[in-house]
Amino acid sequence: MNAPIPFPNSAGTANTRVDLGVIAECIKPGCRVLDVGCGDGTLLEMLRDQKAVDGRGLDVSSENVTTCVARGLSVVQGDADKDLR
C-alpha cells in the first residue's frame with residue numbers, strides 16, 4: 001500500500017497526520033460524513049476543503065466544539081454513547 005498524500009489544511013500547510021490521509025482516501029468526493037469524536041475538526045475541515053464533503057461532527061469536549069465552529073464546521077457537543085441512540 002502506498003503512503004497517503006497529505007492534504008493541505010485551511011492554512012495551506014500539509015497535515016502531518018498520516019491516519020487522516022488514509023481515512024480521506026476512503027471518502028468519495030461530495031458525500032455526507034458524520035465524524036463521531038471529531039476532536040478539533042482537522043479531518044472534517046480537510047474533507048470539506050479537498051473533497052467537498054457535507055460533514056457533521058460530534059465531540060464531548062466543549063473546547064473542541066468551539067474550535068470546530070470557529071473553523072466554520074457543523075459540530076455539536078455530545079456523548080456518542082448517550083446521544084446517538
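In this text, all values refer to a predicted model and were calculated from it rather than measured experimentally.
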Query raised in the report: Heavy-atom distance under 4.5 Å between the side chains of Leu34 and Val36, does that happen here?
Result: yes
Report task. Run the salt-bridge test on Arg48 and Asp54 with the 4.0 Å N-O cut-off and return the result as yes or no. Result -> no
Requested in this report: Measure the CG-CG distance between Asp35 and Leu44 for me, rounded to the nearest 0.5 Å.
Outcome: 4.5 Å
Query raised in the report: Once you round to the nearest 0.5 Å, how far does CG of Asp83 lie from CD of Gln77?
Result: 9.0 Å
Requested in this report: State, to 0.1 Å, how close Cys68 and Gly39 come at their nearest heavy-atom pair, and which atoms those are.
Outcome: SG-O, 3.4 Å
Query raised in the report: Is a donor on one side and an acceptor on the other found under 3.5 Å between the side chain of Arg56 and the backbone of Arg32?
Result: no
Query raised in the report: For the atom pair SG (Cys38) and CG (Leu58), what is the distance rounded to the nearest 0.5 Å?
Result: 7.0 Å
Query raised in the report: What is the distance from atom CG of Leu73 to atom CG of Asp59, rounded to the nearest 0.5 Å?
Result: 12.0 Å
Query - Worked check of side chain to side chain contact (heavy atoms under 4.5 Å, CB included) between Arg71 and Thr42 - result: CA-CA 9 Å; Arg71 289 175 140 173; Thr42 301; 3.5 Å; yes
Requested in this report: Consider only side-chain heavy atoms of I, L, V, M, F, W and Y, link residues closer than 4.5 Å, and tell whether Leu43 and Val53 are in one cluster.
Outcome: yes
Query raised in the report: Any donor-acceptor pair under 3.5 Å linking the side chain of Asp79 with the backbone of Val60?
Result: no
Report task. Start with the C-alpha gap between Val65 and Val76, add the side-chain angles, then the distance that decides, and say whether side chain to side chain contact (heavy atoms under 4.5 Å, CB included) holds. Result -> CA-CA 6 Å; Val65 172; Val76 296; 5.9 Å; no
Query raised in the report: Lys51 side chain to Gly30 main-chain N or O, any donor-acceptor pair under 3.5 Å?
Result: no
Report task. Say whether Met46 and Ile23 are linked into one hydrophobic cluster, either directly or through other cluster members, by side-chain heavy-atom distances under 4.5 angstrom. Result -> yes
